[in-house]
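Worksheet for the structure shown next.
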Amino acid sequence: MLQTQDNVQILSNWTSKFPTFLLTVIPGLESLHSWISIPFCCLYAIALSGNSMILFVIITQQSLHEPMYYFLSMLSATDLGLTISTMSTTLGVLWFGANQIDLDSCIIQMFFLHGFTFIESGVLVAMAFDRYVAICDPLRYTTILTNSRICQMGLLMIVRTIVLIVPLLLLLKPLSFCKMNALSHSYCYHPDVIKLSCSNTQANSICGLIDLILTTGIDTPCIVLSYALIIYSVLRIASPEERQKVFSTCVSHIGAVAIFYIPMMSLSFLHRYGRSAPKVVHSMMANVYLLLPPVVNPIIYSIKTKQIRKAILSLLLIK
């Protein structure tokens, strides 16, 4: 009886309902944080300025008030949200050594982090649908993608995100966590958090898997189907010159899809099946997952989209 009471006391000393998590940027390189902060600051500056610039030119240039650019503005706004949601904790660790975060703050960060991730996945599907209609049914393009329908699509993305993410985060509150809660990343990532719990996390894992299926599991096949139909339609009716012109309009979106889904799915599989991998691998993949799309998307669209490039140049060259 006495031994049982001692075991309960020891367990209560090592578990907590109100834990503090320790954030990690790159494990083993804590002494070099001031130097590591330089490339991180540069990447954050590129992401913030690039996406803000695209948003600004689309809002201010009347010629860009078309469905394709509305979806691009959604993508830029989502990338801004992703950048801001993790920038404070990452730079806080690098600049001030502020590597502690409580559960409530962690849940709030996860709401925005995973929320913007779900929304971006939906935006990429909408952009694929936009390309499909523009190429396969151009005569009905303006009647299908009306302003009201675009607003409905945006609202649907937000509603889907809230419905999926709220139960996922509510399931974190009842969990108990071991007191030594060292996360693998510089931000709170759901699979990274639940693996530190001393409670049964089966419900959390199932809910996370369901969310993954209802976002990536649905969105990715929809994008693949859209491009399969585009390729089929173009190869049937277009000349070689027209094919090249049509496919060039899709390059930017294909690039955005690749740099979003590949790191995201790689990080997800790493957390589920690669727990024995070195911590530095988890950390580097996490940084690539969140920094690559916001940094590269504005560059891709500025280079490959003639109208965006001209609008940015005209804005920068104004005296």
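Heads up: numbering here begins at 1 and tracks the sequence.
Closest heavy-atom contact between Ile150 and Met74: CG2-CE, 3.6 Å. Asp104 and Asp102 make their closest contact through N-OD1, 3.2 Å (heavy atoms, listed as atom of the first residue, atom of the second, distance). Shortest non-hydrogen contact noted between Pro293 and Val288 is CD-O, 3.9 Å. The shortest heavy-atom contact between Cys136 and Ile230 is SG-CA, 3.9 Å. Closest approach of Ala47 and Thr83 over heavy atoms only: CB-OG1, 3.8 Å. The two residues Val93 and His33 come nearest to each other via the heavy atoms O-ND1, 3.5 Å.
A donor-acceptor contact shorter than 3.5 Å is absent between the side chain of His185 and the backbone of Leu23. Remark: the backbone N or O of Asn204 is not paired with any side-chain donor or acceptor of Thr201 at under 3.5 angstrom. Judged purely by atom type and a 3.5 angstrom limit, Ser302 has no side-chain atom pairing as donor or acceptor with the backbone of Ile299. Under the 3.5 Å distance criterion, the side-chain polar atoms of Ser197 are left unmatched by any main-chain donor or acceptor of Val193. Thr89 places a side-chain N or O within 3.5 Å of a backbone atom of Thr86 that can act as its donor or acceptor partner. A donor-acceptor pair under 3.5 Å is formed between the side chain of Ser73 and the backbone N or O of Tyr70. The backbone N or O of Ser184 lies less than 3.5 Å from no partner atom in the side chain of Tyr189, so there is not a single donor-acceptor pair. Put simply, the side chain of Gln109 gets close to the backbone of Cys188: a donor and an acceptor are under 3.5 Å apart. Side chain of Thr78 to main chain of Phe116: no donor-acceptor pair is present (N/O by atom type, distance under 3.5 Å, no hydrogens or angles).
Just one residue in the list Tyr227, Tyr301, Phe260, Phe71 forms a ring pair (Phe, Tyr, Trp, His ring centres under 6.0 Å) with His253, and that residue is Tyr227.
In this structure, Ile107 and Lys173 have side chains that are in contact, with non-hydrogen atoms separated by less than 4.5 Å. Between Leu80 and Ser52, the closest side-chain pair of non-hydrogen atoms falls below 4.5 Å. Side-chain contact between Leu145 and Met153: present, with at least one pair of heavy atoms (C-beta onward) separated by less than 4.5 Å. Between Phe129 and Val125 the shortest side-chain heavy-atom distance does not fall below 4.5 Å. Using a 4.5 Å heavy-atom threshold, the side chains of Met285 and Ser266 count as touching. Counting heavy atoms from C-beta outward, Leu229 and Ser233 have side chains that stay 4.5 Å or more apart.
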Tell me, with the steps shown, if Asn297 and Ile259 meet side chain to side chain contact (heavy atoms under 4.5 Å, CB included).
-> CA-CA 8 Å; Asn297 280 341; Ile259 64 173; 3.1 Å; yes

Might you work through the side chain to side chain contact (heavy atoms under 4.5 Å, CB included) test for Ser186 and Asn287, ending with a clear yes or no?
-> CA-CA 8 Å; Ser186 58; Asn287 291 324; 4.1 Å; yes

Might you work through the side chain to side chain contact (heavy atoms under 4.5 Å, CB included) test for Met68 and Met127, ending with a clear yes or no?
-> CA-CA 7 Å; Met68 174 183 173; Met127 295 176 81; over 6 Å; no

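Rounding to the nearest 0.5 Å places CG of Leu212 at 7.5 Å from CE of Met265. In this structure, CD1 in Ile101 is found 7.5 Å from OG in Ser88, a value given to the nearest 0.5 Å. Distance CG/Leu169 to CG/Leu164: 11.0 Å, rounded to 0.5 Å. Here the NE2-CG distance, from His190 to Leu171, works out to 7.0 Å after rounding to the nearest 0.5 Å. From Ile84, atom CD1 reaches atom CG of Asp79 across 11.0 Å, with rounding to the nearest 0.5 Å. Between atom OG1 of residue Thr215 and atom CD1 of residue Ile119 there is a gap of 12.0 Å, rounded to the nearest 0.5 Å.
Note on Leu290 and Leu91: same hydrophobic cluster, where clusters join Ile, Leu, Val, Met, Phe, Trp and Tyr whose side-chain heavy atoms are under 4.5 Å apart, directly or indirectly. With hydrophobic clusters built from ILVMFWY side chains whose heavy atoms lie under 4.5 angstrom apart, Leu225 shares a cluster with Ile135. In the hydrophobic clustering of ILVMFWY residues, with side-chain heavy atoms under 4.5 Å counting as a link, Tyr187 and Phe96 come out together. Placement of Leu75 and Leu156 in two distinct hydrophobic clusters is found when ILVMFWY residues are connected by side-chain heavy-atom separations under 4.5 Å, directly or transitively. Grouping the Ile, Leu, Val, Met, Phe, Trp and Tyr side chains by contacts below 4.5 angstrom, directly or via other members, places Phe118 with Ile218.
In this structure, Phe21 has its ring center closer than 6.0 angstrom to the ring center of Phe177.
Side-chain polar atoms of Tyr132 and Asp137 form no donor-acceptor pair below 3.5 angstrom. Gln61 and Tyr69 share no side-chain donor-acceptor pair at under 3.5 Å. A donor atom on one side chain and an acceptor atom on the other are found under 3.5 Å apart for Tyr289 and Thr117.
Using a 4.0 Å cut-off between a side-chain N of Lys or Arg and a carboxylate O of Asp or Glu, Arg160 and Asp211 do not qualify as a salt bridge.
Within a 6.0 Å radius of OH in Tyr261, other residues, nucleotides and ligands contribute more than 12 heavy atoms.
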